[in-house]
Amino acid sequence: MRDKGWSANVDLPFDARAAGAAREVLRGLLLAWGHDRQTDDAVLVVSELVTNAVQHAGERGQLRLALRVTGEVLRLELADGSSVQPVAREIVDSDERGRGMHIVDQLTARWGVETHGDGKRVWVELD
């Protein structure tokens, strides 16, 4: 029988608790789905995406995490109510922040941004 994959959607609080909640939900689902070999990278990536959304999107709209595993590919999507696009800023050694999207870029096979309602959806895929 062919595996059709797994999926889940999770609404997250739009505050400092969001990143921790996203990490725990993702870790638990990947373990339950038997797809836990990507857990460390996926947890770091989702933490960066959620933290960026909370810091830069303001409290506009809803923060929703969608997870999908198809075959060997894990796709994470984070939708928020802001149209502000994430960018990988130039890294300056003295900066204590601003490395999130560089981390996402290094740990994922692909990532991008789509318009979603009044905001955006940032998606990543880990092979």
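Just so you know, these numbers use all the heavy atoms, side chains as well, and skip hydrogens, waters and symmetry mates.
Considering CH2 of Trp111 and CG of Leu76, their distance stands at 14.0 Å, rounded to 0.5 Å. From Thr108, atom OG1 reaches atom CG of Leu49 across 8.5 Å, with rounding to the nearest 0.5 Å. For the atom pair Leu12 CG and Arg64 CZ, the distance stands at 9.5 Å (nearest 0.5 Å). To the nearest 0.5 Å, atoms CG (Asn52) and CG (Leu78) are separated by 9.5 Å. Atoms CH2 and CZ, on Trp33 and Arg68 in that order, are 10.5 Å from each other to the nearest 0.5 Å.
For the salt bridge (Lys or Arg N to Asp or Glu O under 4.0 Å) condition, the pairs that include at least one residue of residues 117-127, sequence neighbours left out, are Arg75-Glu125, Glu77-Arg121, Asp80-Lys120, Arg110-Glu125, Arg110-Asp127, Glu114-Arg121. Within the structure, salt bridge (Lys or Arg N to Asp or Glu O under 4.0 Å) pairs that include any residue of residues 33-47 comprise Arg37-Glu72 (at least two apart or interchain).
In this structure, Leu31 and Thr39 have side chains that are not in contact, with every pair of non-hydrogen atoms separated by 4.5 Å or more.
Between Gln38 and the choices Leu74, Leu107, Val43, Leu26, the side-chain contact (heavy atoms from CB on, under 4.5 Å) rule is met once, by Leu74.
Nearest heavy atom pair, residue Ala79 against residue His116, reads CB-CD2, 3.5 Å. Closest approach of Leu126 to Ala42, counting heavy atoms only: CD2-N, 3.9 Å. Closest heavy-atom contact between Ala19 and Val50: N-CG1, 3.5 Å. Listed here is the closest heavy atom pair of Ala53 and Leu63: CB-CD1, 3.8 Å. Scanning both residues, Val84 and Ser82, for their nearest heavy atoms gives N-OG, 3.1 Å.
Using a distance-only test at 3.5 Å, with no hydrogens or angles considered, no donor-acceptor pair links the side chain of Gln85 to the main chain of Val113.
Hydrophobic clustering, with ILVMFWY side chains joined whenever heavy atoms are under 4.5 angstrom apart, keeps Leu44 apart from Trp123. Linking ILVMFWY residues whenever their side-chain heavy atoms come closer than 4.5 Å, directly or via other members, leaves Val73 and Val45 in distinct clusters.
Scanning for side-chain hydrogen bond (donor to acceptor under 3.5 Å, both in side chains) contacts around Ser47 gives Arg23, with sequence neighbours left out.
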